[in-house]
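First the proteins, then the strands, lettered A, B, ... as listed; each starts at 1. Values in this document were obtained by computation on a predicted structure and should not be read as measured data.
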Amino acid sequence: MSLNKKLLLFAHIDEPGLTGIDVYKRAYDGYKAVEKTVGGKVAPNDVIDLVKASGLRGRGGAGFSTGMKWSFVPKDSPKPRYLVVNADESEPGTFKDRELMTKNPHQMIEGVILSSYAIKAHAAYIYIRGEFAFLLPALESAIAQAKAAGYLGTNILGSGFDLECHLHLGAGAYICGEETALLNSLEGQRGTPRLKPPFPAVEGLYACPTVVNNVETLCAVPPIVLNGADWYRQWGTEKSPGTKLFSVSGPVKKPGNYEVPLGLPLRALLEDYAGGLKDGYTLKAIIPGGSSVPALLPSQLDTPLDYESVAAAGSMVGSGGCVFVDDQVCMVDLALNVTKFYRHESCGKCTPCREGTHWMENILTQIENGEGTIEQIDELYGICDMILGKSFCALGDAAAMPVMSYIKLFRDEFEFHVREKRCQVNRRKAELAPFREAAAAASQV
Amino acid sequence: MGLNATKVGLDLVRLGRELAFTPEDQATVRQILARYPADRRASAIMPVLWLAQERFEFLSQEAIELTARSIDMPLHEVAAVASFYTMYHLEPVGKYVLQVCCTLSCSIMGAERVFAHMEQKLGIKAGETTPDGKFTLKKVECLASCGSAPMLQINERMFDENLDEAAVDRLLDGLK
Ligand SMILES: Cc1cc2nc3c(=O)[nH]c(=O)nc-3n(C[C@H](O)[C@H](O)[C@H](O)COP(=O)(O)O)c2cc1C
Ligand code: SF4
Ligand code: FES
């Protein structure tokens with residue numbers, strides 16, 4: 001089967017000079033959707049209806065209908081409205097938004113203009129994770145180009161619609177990817193989540209109606225608005241229409257971001273796109289949607305990559321960070337790695353997550369060091385179960401879900417650790433052994 | 001302002017070396033403030049902290065005070081923000097901050113081996129700075145470069161091309 005790997009977002013992603021507005025306009029029919037809708041004074045509601053009909057779902061992780069989210073913004077509110085772009089991309093395993101912003105910033109900006117127009121926002125903030133500071137000059141210049149061309153600023157294309165677009169740099173905190181923590185951060189506070197409801201669409205930034213969308217979600221908006229809902233639905237499934245970027249990492253021959261029609265079998269992503277595992281490696285597990293999702297087994301490689309099928313298989317499409325794990329990786333070790341991440345990033349606001357992740361790390365460390373007991377494996381599972389669904393924000397779930405799945409799928413490895421007081425396999429530890437020995441030798445002199 | 005008397009006294013003693021923004025920086029601060037609604041000055045805390053860190057290398061108490069003063073925000077609010085986010089340096093750091101991702105994909109691909117090599121080469125451990133003030137070595141979390149693991153970020157720049165020990169050696173030896 002020959003795969004068409006040039007779909008929408010990535011159709012011309014490697015076009016030289018694409019960060020410039022002229023190349024973007026030529027390669028992607030850039031800003032035509034803005035000319036058509038804003039310039040053509042299409043009713044904002046019609047834009048919302050079109051995006052709703054396309055079935056586009058949020059690409060930040062939750063997969064919620066984008067058009068639906070926009071329609072929750074109260075029509076009669078006298079308050080200003082805001083669009084906020086979630087460019088905080090920090091879910092381990094995910095690196096798609098970075099490539100979109102690096103190579104094709106105008107597509108995101110065009111998406112910002114269209115969605116702001118649809119919800120009648122006159123200010124948009126792009127919240128970028130601090131580690132992406134190197135992207136700021138290029139994004140600033142893209143915004144300036146869009147403004148000079150009359151797509152941003154006052155009275156855009158003679159429509160009477162005004163929009164300013166600002167960049168706001170984060171400073172290192174995974175929790176700021178959670179939309180309400182992001183809003184607090186943008187308001188100049190510590191990044192801790194807010195209680196929902198009220199949802200941001202009703203009470204978001206500065207207590208005003210706000211839509212928060214992921215970078216990839218917004219990048220999909222211009223082609224949808226230009227070409228229509230049916231056109232977008234030529235890809236994907238009934239419930240998961242369109243295309244999605246998957247970030248492929250782990251020991252595969254060709255790691256990277258791939259745009260695939262939703263519903264593509266996981267096996268095709270691995271073999272036809274990523275070139276399969278590197279020679280000499282054997283597949284043990286697949287983490288299909290970023291570090292927070294449950295793992296899948298090699299026997300599930302025929303799972304279609306759409307929201308429903310991946311859920312039926314026991315995991316989630318999430319952010320599309322697809323990590324292939326080979327059989328020389330210890331799953332207890334991996335659970336500890338992921339748990340350390342969430343324990344460190346827990347904002348500490350609620351007890352189940354703050355205390356729970358702490359205890360998870362303690363127990364996993366003991367099991368990993370060969371000091372654990374069989375009961376502790378169940379205790380660990382029980383702690384995860386106490387966090388799941390009972391924490392203030394979804395970070396708690398993100399910490400609990402992967403570990404629960406590793407225990408369920410690879411319980412033998414956890415038990416082996418307890419019984420034999422060592423890993424069944426562990427490339428990482430084997431590689432570190434010489435350094436440990438050198439350090440031990442040095443400390444004896 | 002939730003400051004105790006000793007602290008205010010200390011600040012008075014320090015008045016002689018109170019930090020200041022240059023006129024250009026002051027213009028930048030005004031531009032930053034203009035991005036947010038007039039009654040939402042707190043939104044300028046993060047960008048002005050970034051500016052202060054860029055100017056003064058790390059966020060000393062004086063730099064945090066300057067930030068608060070320049071946007072007319074209470075000091076404790078600015079200090080609370082500065083301490084929440086890991087990229088604000090409250091202590092001096094080396095000229096080059098080496099940030100090696102050791103999360104999920106990078107760990108699978110051998111990042112910790114590369115990190116151990118760097119510890120050995122530089123003679124420092126995670127979180128430490130070399131005595132000459134040149135390098136600070138940090139283990140960090142996913143930098144959205146998982147496909148090019150192992151990788152590292154040096155100050156703002158990403159070096160994400162499947163680094164091995166030899167590549168890291170070349171990279172570090174090339175930094176003056
Ligand atoms: C702990 C946590 C971290 C998150 N991190 C991100 C992120 O880095 N980027 C993102 O777009 N969404 C992230 N989300 C999801 C956002 O809360 C929100 O659902 C998303 O920005 C909505 O945009 P979308 O509908 O376009 O997907 C995170 C959620 C949680 C609970
Ligand atoms: S679940 Fe974790 S990150 Fe979310 S509010 Fe509670 S402590 Fe904070
Ligand atoms: S896991 Fe290291 S960059 Fe993402």
Between [X] and chain B, which part of the residue has a heavy atom less than 4.5 Å away: side chain, backbone, both or neither?
{"X": "A/Glu345", "value": "side chain"}
{"X": "A/Leu167", "value": "backbone"}
{"X": "A/Leu432", "value": "side chain"}
{"X": "A/Phe132", "value": "side chain"}
{"X": "A/Arg190", "value": "both"}
{"X": "A/Asp326", "value": "side chain"}
{"X": "A/Glu89", "value": "both"}

Count the heavy atoms belonging to other residues, nucleotides or ligands that lie under 6.0 Å from CZ of A/Arg436, then report whether that count exceeds 12. no
Within a 6.0 Å radius of atom CD on A/Glu140, are there more than 12 heavy atoms belonging to other residues, nucleotides or ligands? yes
After noting the C-alpha distance and the side-chain angles of A/Tyr125 and B/Tyr36, does the key distance pass the ring pair (Phe, Tyr, Trp, His ring centres under 6.0 Å) rule? CA-CA 10 Å; A/Tyr125 293 96; B/Tyr36 310 98; 5.6 Å; yes
Kindly indicate, with the supporting measurements, whether the criterion side-chain contact (heavy atoms from CB on, under 4.5 Å) is fulfilled by B/Ile108 and A/Leu334. CA-CA 8 Å; B/Ile108 293 175; A/Leu334 203 65; 4.0 Å; yes
Distance from [X] atom [atom1] to [Y] atom [atom2], nearest 0.5 Å?
{"X": "A/Lys278", "Y": "B/Met109", "atom1": "NZ", "atom2": "CE", "result": "3.5 Å"}
{"X": "B/Met158", "Y": "A/Arg98", "atom1": "CE", "atom2": "CZ", "result": "4.5 Å"}
{"X": "A/Glu99", "Y": "B/Ser145", "atom1": "CD", "atom2": "OG", "result": "11.0 Å"}
{"X": "B/Arg157", "Y": "A/Phe134", "atom1": "CZ", "atom2": "CZ", "result": "11.0 Å"}
{"X": "A/Tyr127", "Y": "B/Met46", "atom1": "OH", "atom2": "CE", "result": "4.0 Å"}
{"X": "B/Cys142", "Y": "A/Phe341", "atom1": "SG", "atom2": "CZ", "result": "7.0 Å"}

In terms of heavy-atom pairs under 4.5 Å with chain B, which of [options] leads?
{"options": "A/Ala123, A/Ala438, A/Gly188", "result": "A/Gly188"}
{"options": "A/Cys347, A/Gly172, A/Pro255, A/Gly170", "result": "A/Gly172"}
{"options": "A/Ala173, A/Ser90, A/Gly130, A/Pro434", "result": "A/Gly130"}
{"options": "A/Ser185, A/Ser291, A/Ser247, A/Ala439", "result": "A/Ser185"}
{"options": "A/His344, A/Glu91, A/Glu164, A/Gln328", "result": "A/His344"}

How far apart are the closest heavy atoms of [X] and [Y], and which atoms are they?
{"X": "A/Phe95", "Y": "B/Ala144", "value": "CB-O, 3.1 Å"}
{"X": "A/Val338", "Y": "B/Leu104", "value": "CG2-CD1, 4.0 Å"}
{"X": "A/Tyr82", "Y": "B/Pro37", "value": "OH-CG, 3.5 Å"}
{"X": "B/Ser43", "Y": "A/His168", "value": "O-CE1, 3.3 Å"}
{"X": "B/Glu141", "Y": "A/Lys340", "value": "OE2-O, 4.3 Å"}

Heavy atoms only, distances under 4.5 angstrom: which of [options] has the most pairs with chain A? Name it, please.
{"options": "B/Glu156, B/Arg40, B/Arg41", "result": "B/Arg40"}
{"options": "B/Thr103, B/Asn155, B/Asp39, B/Val78", "result": "B/Thr103"}
{"options": "B/Ala42, B/Ser148, B/Ala149", "result": "B/Ala42"}
{"options": "B/Cys106, B/Cys146, B/Cys101", "result": "B/Cys146"}

In terms of heavy-atom proximity below 4.5 Å to chain A, should [X] be classed as side chain, backbone, both, or neither?
{"X": "B/Cys102", "value": "backbone"}
{"X": "B/Ala116", "value": "both"}
{"X": "B/Glu112", "value": "both"}

A/Arg129 and B/Leu143: CA distance, side-chain angles, deciding distance, side-chain contact (heavy atoms from CB on, under 4.5 Å) verdict: CA-CA 10 Å; A/Arg129 69 178 290 189; B/Leu143 289 168; 4.1 Å; yes
For B/Ser105 and A/Gly250, indicate whether the former's side chain and the latter's backbone hold a donor-acceptor pair under 3.5 Å. no
If we ignore hydrogens and angles and just use 3.5 Å, is the side chain of B/Tyr85 paired with the main-chain N or O of A/Gly191 as donor and acceptor? yes
Pair A/Phe435, B/Arg113 - check side-chain contact (heavy atoms from CB on, under 4.5 Å), show working. CA-CA 8 Å; A/Phe435 293 98; B/Arg113 190 192 74 231; 4.0 Å; yes
